[in-house]
Every structure is written in structure tokens, then in C-alpha cells.
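When a ligand or atom number is given, it counts from 1 through the structure's own listing order.
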Amino acid sequence: MTGPESEESPVRRAVCPGSFDPITNGHLDIIARASRLYDEVYVAVMINQSKKGLFEIEERIDLIRTVTAEYGNVRVEAFHGLLVDFCKQRDIPAIVKGLRAVSDFDYELQMAQMNNGLSGVETLFVPTNPTYSFLSSSLVKEVAAWGGDVSHLVPAEVLTALTERLGKD
Ligand code: PNS
């Protein structure tokens, strides 16, 4: 699919994978930047059945669709399985990931090398906007659960969903 001798698809596609429980401004920044670099960007909400999230997969997808609608070339799908299979089935040669800090690098490098070894898919790392270098869905959920202000860290629709889910006003 992506080897040097293989036919390249004329449409340049990439995937931004993750759990997105829920999507944050940090994720959105990476998706927006990928959408300017590629013709089609897939956001893959990877299903991990051993990890119970705050939001159901369909809720995560709805939120991502809402906040990425303005980009026009972003598609959002759930997937249960290996990311490389998601890529193979859709003829996607590139994974785009944000790198927040050196602490992300070890695991991201392992996954990038594993994915490349499995199928030849490439991973491109985008340096996270420094405004969001500390940001993660887990921290957002924790701060919001204790009533902290996360309004500058997530899109408005996500803030509403978080507030409703956590029963705060
Ligand atoms: O938002 P997250 O939880 O940090 O995203 C991690 C994710 C979902 C991108 C990663 O765990 C993944 O790609 N999972 C799909 C299963 C898979 O392909 N595993 C092998 C990775 S080398």
C-alpha cells in the first residue's frame, strides 16, 4: 500500500487517531492543521473495550463531527481493531499525531515503528501548540469533575456535554 513501488492514491489522505474522551482544543488544533495539509482527514475514534470512557463512542463521534464540521474535509469514524487495518481499508498512507512533550515521544515512537513495520504506514508528528502542551482528555475530566474551569481547554459543545455528564452548572 505505501511501499516505494506501490501506486500512490491521487487523493492525499491522513488519519488522526485517538480515544477522544472527549475531544479537546489540543486535538482540534492537530486535526485543523492536518486538514490544511491533506485532501481528506479521517478522525478515527479507536474503541478500547477494556477502557470505560466518560462518553459513549457515539457521543464522542457526534461531538467531533460538530466541532470539525467547518473544515469540510474531515470524516469521523469509530473503529474496533488495529489502526493499520483502519488505514489499509481506506487507503490511508499517513497517521498524524500531536507531540506535546518529550514524555510523549517514547511511546509514540514505539507505536509509529510498530505501525510502519506492520503495514508501511507512515506517522507524522506535529508539535503541539504550546498553549496546549499540558492538555489531555484525562486532565480535563479530572479538573471538570472537581468543578474547575476548563472552558478555555475544550470547544463550547464539549464543555456543555461535560457539564451535563458531570452534573455541574
Ligand atoms: O488518545 P489515545 O488513547 O492516546 O490514543 C491511542 C490510540 C487509540 C491512537 C492507540 O492506542 C491505537 O492506535 N489503538 C488502536 C489499536 C492499535 O492499533 N494498537 C497498536 C498500536 S502500535
K.L.:
Hey, is atom 16 (C) of ligand 1 under 4.0 Å from any protein heavy atom?
P.N.:
yes

K.L.:
Does the side chain of Ile92 reach to within under 4.5 Å of the side chain of Val121, using non-hydrogen atoms?
P.N.:
no

K.L.:
Nearest protein heavy-atom contact for atom 1 (O) of ligand 1: which residue, which atom, what distance?
P.N.:
Ser19 N, 3.0 Å

K.L.:
Within less than 4.0 angstrom of ligand 1, does Gly81 place any heavy atom?
P.N.:
yes

K.L.:
Any nitrogen or oxygen of Lys97 lying under 3.5 Å from a nitrogen or oxygen in ligand 1? Just yes or no.
P.N.:
no

K.L.:
Any protein heavy atom at under 4.0 Å, with atom 12 (C) of ligand 1 as the reference point?
P.N.:
no

K.L.:
I'd like to know if Lys141 and Asp21 make a salt bridge, using a cut-off of under 4.0 Å between side-chain N and carboxylate O.
P.N.:
yes

K.L.:
Given Glu108, Met46, Met111, His80, identify the one with the heavy atom nearest to atom 10 (C) of ligand 1.
P.N.:
Met111

K.L.:
Which option wins on minimum heavy-atom distance to atom 19 (N) of ligand 1: Leu82, Val45, Thr123, Asp21?
P.N.:
Leu82

K.L.:
Can you name the nearest heavy-atom pair linking Val96 to Ala34, along with the distance?
P.N.:
CG1-CB, 4.2 Å

K.L.:
May I ask you to check whether Leu83 has an N/O atom sitting below 3.5 Å from an N/O atom of ligand 1?
P.N.:
yes

K.L.:
Using heavy-atom distances only, which candidate in Gly18, Pro17, Ala112, Gly98 approaches atom 5 (O) of ligand 1 most closely?
P.N.:
Gly18

K.L.:
Give a yes or no answer on whether the side chain of Arg65 reaches the backbone of Val76 with a donor-acceptor pair at less than 3.5 Å.
P.N.:
yes

